[in-house]
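Sending over a structure as structure tokens; questions will come in a sec.
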Amino acid sequence: MEPIRRIKGTDDILPPESLLWQKLTSIIRKVMSLYNYQEIIMPVFEYSELFARGIGTSTDIVSKEMYTLVDKGGRNVTLRPEGTASVVRAYIEHSLGSKSPVVKLYYIGPMFRQERPQKGRRRQFNQFGIEILGAPSPLADVEGISLNLRILSEIGIHNSKLMINSIGDSNCRGKYRSDLTGYLEKRFDRLCGDCQERYRVNALRVFDCKNESCQIELRDAPLMLDYLCEGCREHFDLVKKGLEKHQIDYSINSRLVRGLDYYTRTVFEIVSSEIGSQDSLSGGGRYDLLVEELGGKSTPAFGFAAGMERMLLAWEQNSVISSSLIKLDCFLAAPKGIHLTQAAIIAEKIRDEGISVEVDLLGRSLKSELKEANRLNARLVIILGEDEASRGVCLVRDMVSSVQWEEPSPRLVNSVVEYISKI
RNA sequence: GUGGGUGUGGCUCAGCUGGUUAGAGCACCAGGUUGUGGCCCUGGUGGCCGUGGGUUCAAAUCCCAUCACCCACCCCA
């Protein structure tokens with residue numbers, strides 16, 4: 001019989017690595033609460049149209065990467081490729097804006113994109129992200145970026161770099177776009193095939209091209225930063241000043257263009273040079289037009305999404321040993337299987353006191369059980385041997401100091417509690 | 001969708017100018033230690049050498065096909 005395998009681009013996160021994930025999410029939640037963001041838990045699938053309208057049909061995500069299906073009711077639904085569209089949908093659907101002028105939400109969960117997997121790129125992957133809805137001020141941009149960086153530093157990722165840019169708004173982007181396409185048109189023949197395609201779909205993305213000859217052609221290309229209107233220029237200046245006041249290092253990357261259509265003004269990206277070719281740990285920016293685009297009232301907004309698998313990749317560079325996170329207070333050994341049932345009952349009593357206990361379920365030899373206890377990193381081993389039982393005592397062994405002593409059975413639970421709490 | 005690389009016990013890999021029973025380390029089990037873990041020693045379990053076809057007296061090894069995984073392009077978190 002052929003065993004069934006997991007779907008391409010999906011992962012089983014096994015222990016002990018899953019403990020690293022627990023730690024990661026607990027750090028994220030802790031920092032979110034420091035900034036007073038509330039969690040929103042959303043469906044993982046939505047009407048396909050939400051993403052088409054929210055993310056933009058010209059993007060790769062919508063045009064070729066979505067897991068879309070028609071359900072039995074004839075609805076066209078899609079596994080979410082990102083979180084922002086759903087948050088905005090929920091914001092509108094529940095009129096969150098009328099309950100409070102500024103709404104700050106975060107989410108953690110899986111996203112789905114049908115791309116060719118590679119390092120740092122999976123078909124099901126996990127993101128966390130925030131959305132600040134209702135705040136037009138650059139203060140919101142700066143807060144979001146600070147929060148993002150704080151999470152990275154709490155985790156222990158220090159090898160990352162922040163890049164920012166402004167891509168203008170509906171006032172100024174139009175003129176820029178036409179000037180840029182005009183510039184590119186004149187050199188169209190000298191651009192690579194990919195860039196010729198970009199020219200047609202979204203000219204701003206030619207700046208992402210890694211092809212050297214294209215970069216040479218782009219040397220004198222007009223830059224968005226020179227086209228910013230008064231409002232956008234001022235907003236961008238305040239973001240930069242804000243970052244400086246927070247002592248946050250950044251670099252301006254005038255070629256930074258986000259792949260999603262909804263961004264306006266501020267865009268940012270945090271990259272790591274140590275996680276392979278997919279080097280973006282997180283990215284986001286301002287999207288002042290999206291809420292209205294999805295049928296809500298005009299609402300300014302800022303948000304970002306971060307790739308959790310990529311953060312773990314960057315984290316492993318700092319040699320965090322996940323297996324050392326496994327800890328067990330106590331292992332209950334009942335050699336030769338005589339007292340297995342009794343052991344299980346004692347284990348429950350110790351657990352009642354909040355102390356973790358493992359019982360050997362196989363009734364193995366004492367040697368095997370100690371070996372097992374050692375593997376499990378157990379601090380104490382309680383041995384319920386025949387000799388001891390006949391004398392009404394148990395043997396307690398500290399696996400770190402190798403000291404062991406006899407304990408009268410009635411006192412066992414109390415003294416284990418005492419011992420563990422003193423460590 | 002395009003390109004490159006790799007498929008040998010649970011894991012990491014050696015063997016691959018074709019030639020007798022396919023190896024190592026780690027992990028696992030047992031013993032050395034007649035109830036006591038980690039270190040050490042000894043032994044053991046476990047592999048249709050990704051799959052299918054071809055060449056040959058003979059294929060893990062050569063050829064073709066196919067599948068899977070990895071990395072990169074593209075794009076993005």
Side-chain angles (χ1 to χ4, degrees), chain A residues 2-3 5-11 14 55 58-65 80-84 107-129 148 160 192-195 197-198 201-202 205 208-211 256-260 268-272 275-284 303-314 331 333-339 360 362 364-389 395-404:
Chain A
E2 270 295 295
R5 279 190 302 239
R6 66 183 191 276
I7 290 171
K8 182 199 285 280
T10 65
D11 295 305
L14 309 170
I55 301 169
S58 74
T59 61
D60 279 24
I61 293 177
V62 172
S63 64
K64 51 191 194 201
E65 296 171 2
R80 63 181 185 195
E82 57 109 49
T84 300
Y107 59 85
I108 301 180
M111 307 295 163
F112 306 84
R113 293 181 199 172
Q114 190 165 356
E115 304 176 84
R116 187 76 133 237
Q118 67 183 81
K119 186 172 187 182
R121 191 170 73 186
R122 319 264 61 204
R123 290 185 169 183
Q124 176 175 341
F125 60 103
N126 290 278
Q127 289 186 332
F128 72 87
N148 195 166
S160 60
C192 70
D194 286 333
C195 280
E197 180 64 18
R198 292 186 181 103
V201 179
N202 184 351
R205 284 193 229 158
D208 283 338
C209 188
K210 286 162 188 165
N211 194 320
L256 179 60
V257 179
R258 312 255 62 238
L260 286 65
F268 82 95
E269 192 166 322
I270 297 172
V271 297
S272 164
I275 59 171
S277 163
Q278 305 301 316
D279 62 354
S280 171
L281 289 172
S282 73
F304 73 79
M308 294 170 66
E309 283 80 359
R310 290 185 188 176
M311 293 180 59
L312 247 29
L313 283 175
F331 186 96
K336 309 242 153 77
I338 297 170
H339 299 103
D360 178 41
L362 299 176
R364 287 176 277 186
S365 69
L366 182 61
K367 179 176 174 157
S368 304
E369 294 189 317
L370 280 165
K371 250 180 147 165
E372 182 72 10
N374 196 53
R375 239 197 307 268
L376 296 170
N377 255 322
R379 179 60 193 244
L380 292 180
V381 174
I382 298 168
I383 299 165
L384 306 173
E386 281 180 84
D387 298 354
E388 290 82 2
L395 212 52
V396 181
R397 180 179 177 84
D398 184 322
M399 294 295 275
V400 175
S401 63
S402 295
V403 173
Q404 66 183 35

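Protein chains get the first letters and strands the later ones, always in sequence-line order, with residue 1 at the start of each.
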Minimum side-chain heavy-atom gap A:Ser272-A:Arg310 below 4.5 Å: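 No, their side chains stay 4.5 Å or more apart.
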
For a quick test of reading the model: is some side-chain N or O of A:Ser277 closer than 4.0 Å to OP1 or OP2 of B:C73?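 For B:C73, OP1/OP2 do have a side-chain N/O of A:Ser277 under 4.0 Å.
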
Is there a donor and acceptor pair closer than 3.5 Å between the side chain of A:Ser368 and the base of B:G37?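 Answer no: no donor N or O sits under 3.5 Å from an acceptor.
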
Would you tell me if any nitrogen or oxygen in the side chain of A:Arg122 comes within less than 4.0 Å of OP1 or OP2 on B:C75?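 The answer is no; no side-chain N or O of A:Arg122 sits under 4.0 Å from OP1 or OP2.
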
Taking every non-hydrogen atom, the tightest pair across A:Ala305 and A:Gln127: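 Shortest heavy-atom contact: CB-OE1, 3.6 Å.
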
When only distance counts, do a donor and an acceptor, one from the side chain of A:Arg364 and one from the base of B:C29, lie under 3.5 Å apart?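 Side chain to base: no pair present.
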
Are the charged groups of A:Glu372 and A:Arg364 less than 4.0 angstrom apart, N to O?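 The answer is yes: the pair qualifies as a salt bridge.
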
Closest nucleotide among B:C69, B:G35, B:C73 to the A:Arg116 side chain: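 Of B:C69, B:G35, B:C73, B:C73 is nearest to the side chain of A:Arg116.
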
Check whether the side chain of A:Arg397 and the base of B:G37 form a donor-acceptor pair under 3.5 Å.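 Donor-acceptor pair under 3.5 Å: yes.
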
Taking only residues two or more places apart in sequence, or in another chain, which ones meet A:Arg198 in a side chain to side chain donor-acceptor pair (under 3.5 Å)?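 With neighbours one apart ignored, the set is empty.
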
Name the closest nucleotide to the A:Leu395 side chain, picking from B:C28, B:U36, B:C74.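 The nucleotide sitting nearest to the side chain is B:U36.
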
Test for a donor-acceptor pair under 3.5 Å between the base of B:U36 and the side chain of A:Glu369, counting only N and O atoms.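 Side chain to base: no pair present.
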
Checking only heavy atoms, does the side chain of A:Glu65 share a donor-acceptor pair with the base of B:C74 at less than 3.5 Å?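 Side chain to base: no pair present.
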
Looking for any heavy atom pair under 4.0 Å, which part of the strands does A:Ala373 touch: base, sugar-phosphate only, or nothing?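 No contact.
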
Across all strands, who's sitting opposite B:A68 as a Watson-Crick or G-U wobble pair, both distances under 3.5 Å?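 By the stated definition (distances under 3.5 Å), B:U6 pairs with B:A68.
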
Return the residues of residues 107-115 of chain A meeting this criterion: a heavy atom under 4.0 Å from some atom of RNA chain B. Order them by number, or give none.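 Output list: A:Arg113, A:Glu115.
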
B:G1 phosphate, OP1 or OP2: any side-chain N/O from A:Lys64 under 4.0 angstrom?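 It does not, given that no N or O in the side chain of A:Lys64 lies less than 4.0 Å from OP1 or OP2 of B:G1.
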
Base of B:G38 paired with side chain of A:Asn374 (donor-acceptor, under 3.5 Å):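 Side chain to base: no pair below 3.5 Å.
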
OP1 or OP2 of B:C70 less than 4.0 angstrom from a side-chain nitrogen or oxygen of A:Gln118, does that happen here?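 Checking A:Gln118 against B:C70: no side-chain N or O falls below 4.0 Å of OP1 or OP2.
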
Below 3.5 Å, does any donor atom in the side chain of A:Arg5 face an acceptor in the base of B:C69, or the other way round?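 When only heavy-atom distances are counted, A:Arg5 does not reach the base of B:C69 through any donor-acceptor pair under 3.5 Å.
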
Counting primed atoms plus P, OP1 and OP2 as sugar-phosphate and everything else as base, spell out the protein contacts along nucleotides 39-44 of chain B at 4.0 Å heavy-atom distance: B, S or - for each nucleotide, 5' to 3'. ------

May I ask which nucleotide in the shown strands pairs with B:C40, Watson-Crick or G-U wobble, both distances under 3.5 Å?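 For B:C40, the partner nucleotide comes out as B:G32, under the 3.5 Å rule.
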
Any base atoms under 4.0 Å from A:Asn126, or only sugar-phosphate, or nothing? Heavy atoms, all strands.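 Nothing, no nucleic acid heavy atom in range.
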
